[in-house]
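Remember, predicted model here, so these are calculated numbers, not experimental data. For ligands, and for the atoms within them, numbers begin at 1 and follow the listed sequence.
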Amino acid sequence: MVVVMNLTAGSEQIAAVQQRLEQYGFEIHFIRGVKRLVIGAVGDRQEIASLGLEAMPGVERIVPIMKPYKLVSRESKGKPSTIKVKDVTIGDRSLVVIAGPCAVESREQLLAAAIRVRAAGAGILRGGAFKPRTSPYSFQGLEEEGLKILSEASQETGLLTVTEIIDEASLELALKYVDMVQVGARNMQNFQLLRLVGRSGKPVILKRGFSSTVEEWLMAAEYVVSEGNENVVLCERGIRTFENATRNTLDLSAIPLIKDLSHLPVIVDPSHATGVQRLVAPMARAAVAAGADGVLVEVHPEPCKALCDGPQSLTPEDFDQLMVELRMVASAVGRVVGGGCI
Ligand code: PEP
Ligand code: MN
C-alpha cells in the first residue's frame, strides 16, 4: 500500500506513521517528492483496516495496491477454472445453457418447459422454489414441493437442475434435490448464507447484486471459496442505473473484466438484465460474443400465464430459435454450445 502524507505533515507525524507500520511488520520505503512525502509499505493488505492509519495526524489517504480478494483472483491460479456439475463442465470451450421458468408453478408447467429446453439443447434446468419477491403478496414459490417437481423433471429428462436458495433452511432442502444452487442478486451480500454455501461444497451460481461493484461481487465469491467451495460460477444479471426502459442495465463489460480479474467462470442472465422478452435473445448473443461461459434464460411454456416474470420469459419456440443463433455466435468465437442433449 501507499500512505500519502499531507502537505503540512511534520516530522513527528511521519515518525508516528513509520512506527505504526513497523510495529505491524510492514517494510517501508520513503519517497520524497518536491512538496510531500509518500510512504510505500509492503505487507499484508488484510492488516490495513486494523492499523487505523487514515485517522493518524498528517495522513492524507491510503492507496491499496493489491486486490482485496485472493482466492478468486486471476493471479492466484495460472489458468481459468472449470467447474464440474456432474457431467456438465462450465468454463471450458463449451457454453452452458441454463433454461427454465422463473418459478416452479406445477408439475405440468415444469415438465413441459423441461422437455422443450432439453430438446433444444439446454444442459441445466432452472426453476425457483423459493422466490424472494419484492412484494410479500406475490407468489413466493412452492418450496419443498417445487424441489420435488424439479427432481422429477430431472429424472424424466436427464437435465441437471439449479434452484435459488434464500436462507439456511432452503439451502438444506435444496441440497437434497438439486445439482446446483443459486444465490440471487438480493442475497449476494448475505455473508452468512455465502459461508453456508461455501461449507456445503455444492456448485453455486452467484448472481451479481443489482447495486454491486465488480469488486464487491468478487468479494462475495471469496466468501464462498474461503470456506472451501471452489465451485462458483459468477452470473452477470444487470445492474440498476438511471435507465428505466429496461428492468436493469446489462453490464456486458463485466464479462471480459471478470476474465481479467478472476479465474472463475462467468455467465450472463439476459432475462433479468432486460426484463423484456424481445431483448433477451440479442443480449444472449452479445454475451456469448463478449466471452461469457454460458447463459441463463427464463423459458415458460405459456409466458402470459406465468406467476412470475412472464414479460421476460421466452416461449419454447423463441428458445429453439435462440439456440440456433447461439450456435452460430459460439462457432464465430471458437466455442460450442455444450452440455446439452442435441
Ligand atoms: C431468478 O433468477 O429468478 C432471480 C430472482 O434472479 P435475480 O436474483 O438475478 O433477480
Ligand atoms: Mn425470474
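What sits closest to atom 4 (C) of ligand 1 on the protein, heavy atoms only, is His272 NE2, 3.4 Å. Remark: minimum distance from atom 8 (O) of ligand 1 to any protein heavy atom is reached at Ala185 N, 2.7 Å. The closest protein non-hydrogen atom to atom 5 (C) of ligand 1 is Glu164 OE1, 3.6 Å. For atom 2 (O) of ligand 1, the closest non-hydrogen atom of the protein is Arg126 NH1, 2.8 Å. Among all protein heavy atoms, the one lying closest to atom 6 (O) of ligand 1 is Lys207 NZ, 2.9 Å.
Heavy atoms of Lys131 come nearer than 4.0 angstrom to ligand 1 in at least one pair. Within the structure, the closest approach of Gly128 to ligand 1 does not fall below 4.0 Å when heavy atoms are considered.
Annotation: side chain of Arg93 is not in contact with side chain of Asp293 (no heavy-atom distance under 4.5 Å). With contacts defined as side-chain heavy-atom distances shorter than 4.5 Å, the pair Phe210/His272 does not qualify. Between Ile267 and Asp269, the closest side-chain pair of non-hydrogen atoms is not below 4.5 Å. Put simply, the side chain of Leu314 does not reach to within 4.5 Å of the side chain of Glu298, judged on heavy atoms.
A side-chain donor-acceptor contact under 3.5 Å links Glu105 and His300.
Checked against a 3.5 angstrom limit, the closest N/O atoms of Arg237 and ligand 1 fall inside it.
Relative to the six-membered ring of Phe30, Arg32 meets both conditions, a distance below 6.0 Å and an angle of at most 45° to the axis.
Under the 4.0 Å criterion applied to side-chain N and carboxylate O atoms, Arg36 and Glu60 are assigned as salt-bridge partners.
With the Mn ion (ligand 2) as the vertex, SG of Cys102 and OE2 of Glu298 span 100° to the nearest 10°. To the nearest 10 degrees, the Mn ion (ligand 2) sees NE2 of His272 and OD2 of Asp309 at an angle of 90°.
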